[in-house]
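Let me begin by presenting the structure, written as structure tokens, before commenting on it.
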Amino acid sequence: MNAIQIRTMARDFILKEFLPGERPENLTDSTELITDGILDSLATLKLVAYLEKSCGIEIAPDELVPENLNSIAQIANFVQSKQAST
Amino acid sequence: MTVAALHEYLEQSARRYPQTCAAVEASSGRQITYGELDALSDQVRDHLRRIGVRPGDRVGICLPKSIASLAVLFGILKVGAAYVPVDSLAPPARNAFIFTDCGVRAIFVEASRAETLRCELARLAAEPCLLPLDWSDGPSPLATYLARVEAGGLAVEDESARPGPDNLAYVLYTSGSTGQPKGVMLTHRNGSSYVDWCSEILAPDENDRFSSHAPFHFDLSILDIFVPLKHGATVFLIGEELGKNPTRMASVIAERRLTVWYSTPSVLTLLVEHGGLDARHDHALRFILFAGEVFPVKHLRRLKAVVPRARYLNLYGPTETNVCTYYEIPQTIAEDRSAPFPIGRACSHVKARVIDANGRNVPRGQEGELAISGAPVMLGYWNMPERTSAAFHVDSSGRWYRTGDVVIEGDGGVYTFRGRRDRMVKRRGYRIELGEIETALYRHPAISEVAAIARSEESGVSIKVFYASREGHALSLIELKRFCAHNLPAYMAPDWFSHQQLLPKTSTDKIDYQHLMRME
């Protein structure tokens, strides 16, 4: 999967699950997901479970940190680095 | 073994078990012995004395949960002051309000947050002494800080203060209905009477390993901190990040062979549903304690299947009294049971009764308000004499704290929780005044009207906000969530937002909450 595909997938999931009714253009690649309260800890776990399933990666408990998941751009980088290492 | 002051628990254990491990940071594995923790908190005490902190003062704690924050807490008690813990991740303006409200003399603060906090304090014309601990200096920020500030050398004083049992020990701020948090004042006796009751029920010894999941600003932490340290046991400090990570927490429980776990039901549910707690074998857990909200029976049943050998206690009590009733969950839960378990009978260190609005006893089997008196009941709310007197019913039988919780007394003095008398709700163990959420959202420039309601669902309590906007159209959900993240503690964030052209009104032109409760 390339970065654009991952971004699109993550954006669609977040909009559908956690931002019902939000205009898609308001969720940018750099919107702060955790520090701006869009994903709480339970939502973060749901997102991680979705990424693991649809990208075929395994995310270790230690990797559940804001540095990896705080924006769509960070998510895409993180998922790509996981895919490269498997 | 009753003490006059809470820090005596640590001092006595340090004499008895100097080499025993007192506390472990569960994520880093760093640990400290009783002797070292006692000595480190002595140094904090001496430093606080040197900068002018005196018995009766208040000192703030705005730190991540750690060995450092534990030593700071004891240092503050040893100087005879009261500690005021806050959520270091909460909006700085809210923390500055709390510290200014109770007039702290000094604040231990994580270095990276010191400047923002200083600015917010300056806006309130407050200038307490900020004592910054810097985790980028290494794993022992407190020792590093003390070595730097005490570099000139200091004649070590050898005596801790000996406050009386009715002196203030800590102030815990909870959500306030008027939009500002209010400070619950608790004394050494309030804390120690509860700790001693826990000893009676749990019969801990030096081989026990306790969890400390709740943050120090949350009243569950009183058991986590003082009960293990009284008995020479070990406490495993679970910090903010680990506390949100169920898989890692489940590993800590199994690998560290914890014997007593205490948290909200939400965290326990998370451990079973998302942490793979059942994949691990051979737990050492003797007790699983939970408090702060109703535990849905469905989740409790699953947990009991995973950890069948432990005893399960439902603990109940507001911050103003800490735990005042308890109920032991039976070994087997009937398959058709869905009703939550009772909050149980009064603990041995309190008296409980059910009263009506005029303070008269309500007959057994009828709904009324639970009132509590005895050693653990708070002094009052900081600087709020009217709120304090409104919270108590005083008659010839004593001074009774009105919990605001509506209960029914059943057979054997067992109480069942029925609901609230006001607009306070509990979600994931945190108490939330819906009015505080409304007050925060009214500060949003585009919002003209707002009303928050809470709904009880099978999965727990959810909070829904209805609002009208000045422009007449819905606001971006991202913007609303962002605004809440920067103006409310995370635990108060609403679950749902619903835009309305106008909010429904009653005939007296007040917001019609009954109508909102019926809206989808």
Side-chain angles (χ1 to χ4, degrees), chain A residues 7-8 10-55 57-75 78-79 82, chain B residues 26-28 89-91 239-252 255 264 266-267 269-276 279 427-428 430 437 440 459-460 462-464 473-499:
Chain A
R7 287 179 190 205
T8 307
R11 177 179 292 108
D12 290 350
F13 182 77
I14 293 167
L15 283 168
K16 177 166 143 289
E17 293 290 321
F18 311 118
L19 295 169
E22 180 61 280
R23 289 158 60 166
E25 62 268 30
N26 286 341
L27 180 63
T28 69
D29 286 346
S30 59
T31 301
E32 293 181 26
L33 299 171
I34 295 171
T35 41
D36 274 354
I38 292 158
L39 301 181
D40 62 14
S41 48
L42 193 58
T44 308
L45 291 170
K46 286 183 180 163
L47 172 68
V48 165
Y50 173 74
L51 293 173
E52 287 184 325
K53 196 161 144 251
S54 38
C55 304
I57 54 171
E58 240 182 78
I59 299 175
D62 292 336
E63 293 170 328
L64 291 183
V65 289
E67 296 82 81
N68 291 334
L69 302 164
N70 202 26
S71 68
I72 287 171
Q74 281 165 304
I75 290 169
F78 173 61
V79 169
K82 294 293 292 181
Chain B
S27 47
S28 70
L89 305 174
E240 292 72 4
E241 210 163 83
L242 177 58
K244 288 183 189 153
N245 193 318
T247 315
R248 285 184 56 209
M249 272 193 290
S251 302
V252 168
E255 286 160 20
T264 61
S266 299
V267 172
T269 301
L270 204 60
L271 280 167
V272 177
E273 302 290 327
H274 294 272
R427 186 182 57 172
R428 284 168 234 142
Y430 283 94
I437 295 176
S459 54
S462 72
I463 294 173
K464 185 160 190 171
H473 52 69
L475 303 176
S476 153
L477 191 50
I478 292 174
E479 160 59 20
L480 286 168
K481 288 188 174 211
R482 182 182 290 139
F483 186 81
C484 287
H486 294 281
N487 288 278
L488 284 170
Y491 72 84
M492 284 196 204
D495 298 292
W496 304 98
F497 290 90
S498 172
H499 173 256

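Lettering follows sequence order; numbering is per chain, from 1. In this text the structure is predicted, and so the values were computed from the model without any measurement.
Under a 3.5 Å cut-off, the side chain of Glu241(B) and the backbone N or O of Val65(A) do not form any donor-acceptor pair.
By number of non-hydrogen pairs under 4.5 angstrom with chain A, the leading residue of Ala493(B), Ala485(B), Ser476(B), Cys484(B) is Ser476(B). Taking chain A as the reference chain and counting heavy-atom pairs below 4.5 Å, the highest number among Glu479(B), Lys244(B), Arg248(B) is found for Arg248(B).
There is no contact between Leu475(B) and chain A, counting heavy-atom distances below 4.5 Å. Heavy atoms closer than 4.5 Å to chain B are found in the side chain of Pro66(A), but not in its backbone.
Of the candidates Thr28(A), Leu33(A), Ile14(A), Asn26(A), Ile478(B) forms a side chain to side chain contact (heavy atoms under 4.5 Å, CB included) with just one, namely Asn26(A).
Using a cut-off of 4.0 Å between Lys/Arg side-chain N and Asp/Glu carboxylate O, Lys481(B) and Asp36(A) are scored as not salt-bridged.
In terms of heavy-atom proximity, His486(B) sits nearest to Thr35(A) at NE2-O, 4.1 Å. Looking at every heavy atom in both residues, Leu477(B) comes nearest to Leu19(A) through CD2-CA, 3.6 Å.
No side-chain heavy atom of Thr247(B) sits under 4.5 Å from any side-chain heavy atom of Leu64(A).
Distance OG/Ser41(A) to CZ/Arg428(B): 7.0 Å, rounded to 0.5 Å. Residue Asp495(B) holds its CG atom at 8.0 Å from CG of Asp40(A), rounded to the nearest 0.5 Å.
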